[in-house]
Structure formats: C-alpha cells, structure tokens
Undergrad: 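The structure is given below, and queries will be raised subsequently.
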There are 2 protein chains.
Amino acid sequence: MLDQHSPEGPRTPGTATRGETVPTVPPPASTAADAVDVTALLERGRTLATPVLRAAVDRLAPPMDTVAAYHFGWIDAAGNPAAGDGGKAVRPALAVLSAEVTGAAPEVGVPGAVAVELVHNFSLLHDDLMDGDEQRRHRDTVWKVHGPAQAILVGDALFALGNEVLLELGTVEAGRATRRLTAATRALIDGQAQDISYEHRDRVSVEECLEMEGNKTGALLACASSIGAVLGGADDRTADALERYGYHLGLAFQAVDDLLGIWGDPESTGKQTWSDLRQRKKSLPVVAALAAGGPASERLGEILAADAKSSDFAAFSEEEFAARAALIEEAGGREWTADEARRQHTVAIEALHAVDMPDRVRDAFTALADFVVVRKR
Amino acid sequence: MLDQHSPEGPRTPGTATRGETVPTVPPPASTAADAVDVTALLERGRTLATPVLRAAVDRLAPPMDTVAAYHFGWIDAAGNPAAGDGGKAVRPALAVLSAEVTGAAPEVGVPGAVAVELVHNFSLLHDDLMDGDEQRRHRDTVWKVHGPAQAILVGDALFALGNEVLLELGTVEAGRATRRLTAATRALIDGQAQDISYEHRDRVSVEECLEMEGNKTGALLACASSIGAVLGGADDRTADALERYGYHLGLAFQAVDDLLGIWGDPESTGKQTWSDLRQRKKSLPVVAALAAGGPASERLGEILAADAKSSDFAAFSEEEFAARAALIEEAGGREWTADEARRQHTVAIEALHAVDMPDRVRDAFTALADFVVVRKR
C-alpha cells in the first residue's frame, strides 16, 4: 500500500497534452496493487449487486418499473430488452469490498451496494431534468422519453427504495448504514443546489468548486466505500476512515472527469468535443485557470465574461472552443487539475492507513483508486 | 368510544345538499370524545412540532432554506416574514398523541411528527409541479415562484431531512419508525403514479379510486397515527392497529375532501366552485356515480366522455358544471361518498379497539377522527 505523492509534494504538471489518446493523468508507480485484477473486482460487484437491484426495481408499481428499467438501460424506449451499459460499476465494487474490511463475506455489502446505486440513479434522474440534459450514456434521458413527471416520480421512488432495501434488514447496522446514506444524499442535494447557483455567477473560487464536487461526487463514493463495512459491524472510526478514502477518491475522479470534459476524446466519453466549455461549466480547469493570475488567466476571464453575455454562443465554431481550451491550458488550469487528481488520490490512499484490514483488501482498494484516476479517455 | 355506523349498516344518504353551509357529513352521535378540546390537541401538536420543524429546515443550505420557508408559509415570495397558514396540523397532533399510547410523554412523538410533516411537504412540492397546480392555500406554489428546479431540489431535501430527523436519534425505535415512514412514502409515490395514470383513462373503478386515495392520503396519516407509539417502544401489533386507524381516517378525510371538491364553498376551501369538476378529477363522487348504473349514471358517462374530448371545456359556464354536479348527485355519487366517509370513520374507530391505551388518549383519537370527518366546508 503506497502513496508516491504526498499532498505537500512537488506539483508536477500532467504530462498529457491536448489531442493525445494516452491517459490524462500519469499512472502511479508500480505497486502490489498492480497485481490486482480490477476487471474481476468490478465484475464481482456487478454480478452480486445487479440481480438484487433488478429485484428491487421490479417492486415498483407500473409504469414506474418500466421507466426505471429504461433508465438503467435494461430495456429500450420501446420496451424491448437491451444489453444495458451499466457503467463501470465502481460503487458496487467498493461496497462489497468494504464488507471484507470487517472479515465479512462480500455478500454482506450487497444491500449497501444496491442502496447506493438506487440513490445515485435517483440523483441522475432529477439532475438531468433540472439541468435540461437530453442525453446520458448515448441514450435519451428519462424526462425526454417519458416526460418530466415520470422523471420526478421514478427518482423519488428510487430514493425511497434505497432506504427500504437497507431498513428491511431490520438490524442496528442497517439503521447506521441508512443514516450515513441519508447524510450522503443530503450532500448530493446540497451539491446540486451549489451547481445550479454557480451557473448564475460570474466567478466561482477553486474552494467552492471543490466543495461542490465533494458534495456531488465525493459524498456518495464515500458512502459506497464504507457501507459494506458498516453492515459488517465496523465501528464509526473505521467507517469514517473508509469514507475519507471514498470522498477523496471521488474528488480525484471528478478532477479527471473535468479534464475529460474539456480535452476528452468524444469517441470514448460519448460527449461532444469541448463538452464542458459548450455548457459553460465552471469546472476545475476553468476555475483554476481563472484563479491563477497572469496574462492568459486575465484574457480568459475577459473572454468568458463576454461569452456569458453572448447570444451567438450556441453557434461558436470548434476553433473558438479550441482557443478557450488553449487559454485554460496556458493559464495552468489543465496542469493544476491533473495535479489535483493525484493529490486527491494520495489523500485517499493515506486514509486507508488508519484502518486495519487484510492486505488483499487494502491492495484491492488501492487498485480501484488507481483505476479511477488513470482511466482512459 | 363508539361507532354508530357499522360498515354493513344502512347506507343513509348524506343529508346535506348543494349550496348549504352545514357540514356535508352528519356528525356522530355525542360521546365522551365530545368533551375533548380538539383545538387544544391541534395546538399542542403544532406548538411541539413547529420549532423542531423550523430548526430542521434551517439546516438546509441556501437557497433551499428560503424556498422551503416560503413553501411552509413562514416568509412571503419577497422573503419577508409571513403569518403562515400551517393548515389544521392534524398529523402532528396524531403523532404526539400516539406517543402517549405507550405511556411516553407527547414530546417523544415530536421527531416523528416532524419527519411526517417533512415527507408530506416533499410530496406537495413534487405533486404541485407534476400536476401543474399553480396555487396552494391561496398562494402561488413553489415552482411558480422559484422555478421547477427548486421545487424538485427542495422536495428531495425535505424527503432526506425527514429520514435524517428520525435516524439521528440513533435508537432501534428510530430505525423501526424510519422503516414505516419509508413504506408510507413509497405508498405516497405509488398513489401519485396511479393518480397520473388515471387522468389518461376513461373509466376508473371505485376500488381503484379507493386504492389511490389510500396510498395518497391514508398511508401517511397511518404513519402519523403510529409513529409516536413506535418511538415510544410500542410493539408491531400496536403500531399496526394504530396504522389501521390512521389509514381509514385518511380515507374518511379524503371522501369528505372529494365532496368539498365539488360542493364545497369557495370561501372556505380557497378553491374555485366545482373545483374537481373543472380539473376533470375522477374523484369518489364521480366514480361512484358512474358505477351506480341507471339513467342519470349513463347520462353522466356520456357527458363526461364528450367533455374529455371537448376543446371548449375550459370555457364552460357555472351552469354547465352545476348540471354535471346535479347528475352526479342524482346518480347517487354524493350520497355514496358521504356514507363512505362515515363507514371509513367507523372502521378507523374500531381499529382502536385492538389497542390497550388510557381512556383519555382513546377519547382524543376519537375526537380527532370526528373532527376530520365533520370539518366545516
């Protein structure tokens, strides 16, 4: 279990540059975690959680069961079975792994994995509607296909179902797990409120952006990383340390995501080129570039302020977005964000120090963190 | 504790007729419950719950705290303090009363009262948006004033807060209470799904209407009537019986509400004349009239079928709605619904038989049931 980068260590720039297809953030040096089969870890989480998740969703009254099945990618808009891109399934992998911290079987973490997935998908349904996002994972979003009322209603139902799946265990541990899940859900909602309010502001500080991303991404990954342990009877100190791991892993993940949102390859991300710039998102590279000072930073500030008032924004060419991306990079926003991903990765790994667990489990947590940070575009 | 009307007893028509200002449903014969000061019971629930509710809402991050305060009527749209019509506060009164079933102090029920109010208001925020309702209690609804995104977000936040208020008690009883609250919340959501789907159907059976109303109104009143007892350590049998009381009380309440939705005095209800007819709601008097058979029932069916296709519906005169209301009454829909309110009231009171509790508490439950069913228009 190793962390090559201390949080206070040198902040070396990300080595990747625009147009490359190599990972944006350089991988950590090789470690024992390299021997871990991450694909198998992800597959285990998916295999254990998916049948329980589907059974939970099947409890919903029609037509909510169908709408939810569409959202999860199990059926298409016409109601026919679909292959379903369930995503990377990092959260279920973490939840079942965290049960093993206490010596429990991975299965003990399954209700936690399912509850976290239900809450995550509740937030996707509502956020897509609030943000007016029409596509998710290359498919029309639920509110586009089934209307806003179903997006609200099925989101609510998944939220309730998440609590139900835990509370019906009827144990003291389930009550503690639900309390932590509720705290994470409140953070998710706070993060979405911050995200919406930041859209209407000219400037957002780096600290505000990190707080928002911690709420939107960190809190639920923190819950996923600890909920299996809580269900397995871990004490609060252990659960808190695992939450710290997950929280900072979430921030590392989000920093990488913010890099991909500007410089990602549309083929891999499934989004348009310069996606976050098109949406005028105040993501980490942007706020870091604006906070950096210097000529490129100032020029970027002027351009973005003009963009905010521009009615021609929607008709901007590839070149105009490319020019903005180049300024962000010149001001240091790209490098800072790549560094930030590594700093958060380091803090995540360090949090594991505080927890006594089998080496095999520790290596698996480390390998999952490496996977999240160096994932391909 | 008495029930004058057995469920199988004679189904006497409601004595009230259109245009009267007397109660729609005749009051039960005088009983020991008449000596109970219902106003004081309601005031006690309000006084105990409101400060805790306000403290919980104050935890929300800006601007959600402000939006929620507007929804609860504590401030106006401009942000100035408002008197706040908090409604009748039957649910908080029931929740604190139910704590006394176990011999606990009414204060023991307060977190339950607050949690139920939070979940109730979550559902109002989302339902108003889904249904496009622009007014609630003589004020613009949240989505009209603060936009759809805030209505979704603050609804989500109140839902989460409801669980949080219970779970932070950290007791086994709180876990059990949260599980019951979650089941009630799922029923609320199911009821709203049914309500939406019924709008698109020509015919709804009386049974379907009762099931929908049981989900939308009965389930949460059931939870309110038992949650204090659960927090006070009541066993499941006691809690289940109290839930039955609250569930049937909710159905009685809804039957009265459906009568008021057609024949209520706009001055008291705060709604337009023939409110539910204008919204083409398939409420109990309508579905009962359609199910009754006979000339008036058939004529009503033809007219409503034509209305459903009519593009002039919005411009209908008072007289046209009055004619529909008269047909519903002639077909027996009004009388059946008034009887149904009394039948549900009777079943609610009977459910109390199964629970051992102080006479004073039993009389108070009975008095609250009488109040709900014979409330003035």
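Atom set for the values below is all heavy atoms of this structure, side chains included, hydrogens, waters and symmetry mates excluded.
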Undergrad: Taking C-beta and beyond as the side chain, do A/Thr182 and B/Leu161 meet within less than 4.5 Å on heavy atoms?
TA: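 A/Thr182 vs B/Leu161: side chains apart.
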Undergrad: Start with the C-alpha gap between A/Glu164 and B/Arg186, add the side-chain angles, then the distance that decides, and say whether salt bridge (charged side-chain N to carboxylate O under 4.0 Å, His left out) holds.
TA: CA-CA 9 Å; A/Glu164 192 173 290; B/Arg186 287 252 286 123; 2.8 Å; yes
Undergrad: Considering residues, nucleotides and ligands other than B/Asp202, do more than 12 of their heavy atoms fall under 6.0 Å from its CG?
TA: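 It does not: B/Asp202 CG has 12 such atoms or fewer within range.
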Undergrad: With heavy-atom distances below 4.5 Å as the criterion, would you say the side chains of B/Ile189 and A/Met64 are in contact?
TA: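 Side-chain contact under 4.5 Å: yes.
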Undergrad: Between atom CG of B/Asp156 and atom CD of A/Gln192, what is the distance when rounded to the nearest 0.5 Å?
TA: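 The CG atom of B/Asp156 sits 9.0 Å away from the CD atom of A/Gln192.
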Undergrad: Given heavy-atom pairs under 4.5 angstrom as the criterion, report whether the side chain, backbone, both or neither of B/Gln194 touches chain A.
TA: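 Looking at B/Gln194, nothing touches chain A.
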Undergrad: Pick one of side chain, backbone, both or neither for B/Leu153, based on which atoms fall under 4.5 Å of a heavy atom in chain A.
TA: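 Interface part for B/Leu153: both.
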Undergrad: Indicate the atoms forming the closest heavy-atom contact of B/Phe159 with A/Asn163, along with that distance.
TA: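 Result for this residue pair: CE1-ND2, 4.4 Å.
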Undergrad: Sort A/Ser197 into side chain, backbone, both or neither according to what part of it lies under 4.5 angstrom from a heavy atom of chain B.
TA: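 No part of A/Ser197 comes within 4.5 Å of chain B.
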Undergrad: So which part of B/Arg176 gets closer than 4.5 Å to some heavy atom of chain A, the side chain, the backbone, both or neither?
TA: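 For B/Arg176, no heavy atom lies under 4.5 Å from chain A.
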Undergrad: Could you check whether any side-chain heavy atom of B/Ile152 comes within less than 4.5 Å of a side-chain heavy atom of A/Leu129, counting everything from C-beta outward?
TA: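 Of all side-chain heavy-atom pairs linking A/Leu129 with B/Ile152, at least one is under 4.5 Å.
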Undergrad: Taking all non-hydrogen atoms of both residues into account, name the closest pair between A/Gly175 and B/Leu167 and its distance.
TA: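 Residues A/Gly175 and B/Leu167, closest heavy atoms: O-CD2, 4.1 Å.
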